[in-house]
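Below you'll find the structure, written out as structure tokens, and then a few comments.
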Amino acid sequence: DAGVTQSPTHLIKTRGQHVTLRCSPISGHKSVSWYQQVLGQGPQFIFQYYEKEERGRGNFPDRFSARQFPNYSSELNVNALLLGDSALYLCASRINSIGPYEQYFGPGTRLTVT
Amino acid sequence: AQSVTQLDSHVSVSEGTPVLLRCNYSSSYSPSLFWYVQHPNKGLQLLLKYTSAATLVKGINGFEAEFKKSETSFHLTKPSAHMSDAAEYFCVVSALNRDDKIIFGKGTRLHILP
């Protein structure tokens, strides 16, 4: 079975640009979450989506947005990129947004902002 | 609201000796607690989870964790460390029956000495 997939693997952008990251969850998983992991730190929660609705939001500015599609895949969008947005962006899926369900993580997208 | 504190940023043990990685949590709701491991340049892998069933939880690769509500702790242990255990370990808390933020600790780097 395919795990969580993310694209692209690596990305280099310039300050002020916009970026879209994509995630496909494990088949049957309806919840997708996004995390930002800066080098040397733990993942920071950005969003959780379930059935196309936002079900949780971390402490990130409005430049960060996301959506979930009917097939449960998801996009994370970041506008007006800053140098500090350089990080590994992780997507995780799980069966439901609540309950005793663990998350399964994708390999991440490495974003570099220059 | 949830929070999690990993009490040690680095832990060094000799191969064959016990491992103890400490995690304290805070949660306004019944918590779900998880331990994940991240090997260098690898994705996050679930070690074990607590979701209100048995308080002593067994995971993969010989790891265990005990949920202690009175101490708000969820420490990770292993009787005998192996060189392959060298990695970053993250304690994670979420609300069991509620949509909310999913919070990672800052991580503990485990070093195994030969």
Side-chain angles (χ1 to χ4, degrees), chain A residues 2-6 9-10 23-26 29-60 64 66 68 87-110, chain B residues 1-10 21 23 25 27-55 57 59-60 65 67 87-109:
Chain A
V4 178
T5 60
Q6 293 185 244
T9 305
H10 295 87
C23 171
S24 291
I26 291 172
H29 286 194
K30 298 182 178 181
S31 174
V32 169
S33 296
W34 287 95
Y35 295 84
Q36 180 194 67
Q37 187 176 22
V38 174
L39 195 64
Q41 297 184 19
Q44 296 291 311
F45 175 77
I46 309 176
F47 290 109
Q48 178 174 216
Y49 274 77
Y50 175 74
E51 292 281 11
K52 298 184 292 181
E53 292 187 358
E54 182 183 302
R55 294 299 186 95
R57 173 185 282 258
N59 298 325
F60 280 81
F64 289 76
Q68 187 178 32
L88 180 68
Y89 287 84
L90 295 165
C91 173
S93 76
R94 58 178 178 166
I95 292 172
N96 201 324
S97 62
I98 61 174
Y101 305 112
E102 64 269 29
Q103 296 180 96
Y104 294 84
F105 285 83
T109 294
R110 173 73 63 186
Chain B
Q2 286 83 247
S3 68
V4 61
T5 302
Q6 291 185 242
L7 297 164
D8 306 291
S9 58
H10 292 266
L21 305 184
C23 171
Y25 73 93
S27 180
S28 304
Y29 317 105
S30 295
S32 291
L33 293 157
F34 307 84
W35 276 99
Y36 282 84
V37 61
Q38 188 174 38
H39 288 91
N41 299 314
K42 294 287 182 68
L44 284 156
Q45 181 183 20
L46 178 71
L47 282 176
L48 48 79
K49 67 177 182 181
Y50 165 79
T51 55
S52 80
T55 56
V57 180
I60 62 171
F67 173 72
E88 189 87 20
Y89 291 79
F90 296 100
C91 182
V92 181
V93 63
S94 66
L96 177 61
N97 293 313
R98 183 183 177 93
D99 287 322
D100 205 342
K101 299 178 183 180
I102 303 166
I103 306 299
F104 273 69
K106 293 186 176 182
T108 297
R109 172 73 63 178

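Per chain, numbering begins at 1; letters A, B, ... match sequence-line order.
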What closest approach, in Å, do A:P43 and B:F104 show between heavy atoms, and which atom pair accounts for it?
O-CB, 3.3 Å
By salt bridge (charged side-chain N to carboxylate O under 4.0 Å, His left out), which residues pair with A:R110, not counting sequence neighbours?
none
So for B:I102, is it side chain, backbone, both, or neither that comes closer than 4.5 Å to the heavy atoms of chain A?
both
Other residues, nucleotides, ligands: >12 heavy atoms within 6.0 Å of B:I60 CD1
yes
Region of A:Q37 in contact with chain B, defined by heavy-atom distances below 4.5 Å:
side chain
Determine whether B:Q2 and A:F45 satisfy the following criterion, side chain to side chain contact (heavy atoms under 4.5 Å, CB included), listing intermediate values before the conclusion.
CA-CA 12 Å; B:Q2 286 83 247; A:F45 175 77; over 6 Å; no
Please report the closest heavy-atom contact between A:R94 and B:S94, naming both atoms and the distance.
NH1-OG, 4.5 Å
If the condition is salt bridge (charged side-chain N to carboxylate O under 4.0 Å, His left out), which residues does B:K49 pass it with, not counting sequence neighbours?
A:E102
Heavy-atom cut-off 4.5 Å, strictly under: side chain, backbone, both or neither for A:F47 against chain B?
neither
Determine the option with the most heavy-atom pairs under 4.5 angstrom with chain A, choosing from B:E88, B:Q38, B:R109.
B:Q38
To the nearest 0.5 Å, what is the distance between CZ on A:F105 and CG on B:L46?
9.5 Å
Honestly, the part of A:S31 sitting under 4.5 Å from a heavy atom of chain B is neither
Within residues 29-37 of chain B, which positions have a heavy-atom distance to chain A below 4.5 Å?
B:S32, B:F34, B:Y36
So, the part of A:I46 with a heavy atom under 4.5 Å from chain B: the answer is neither
Sequence-distant partners of B:K106, salt bridge (charged side-chain N to carboxylate O under 4.0 Å, His left out), two or more places apart
none
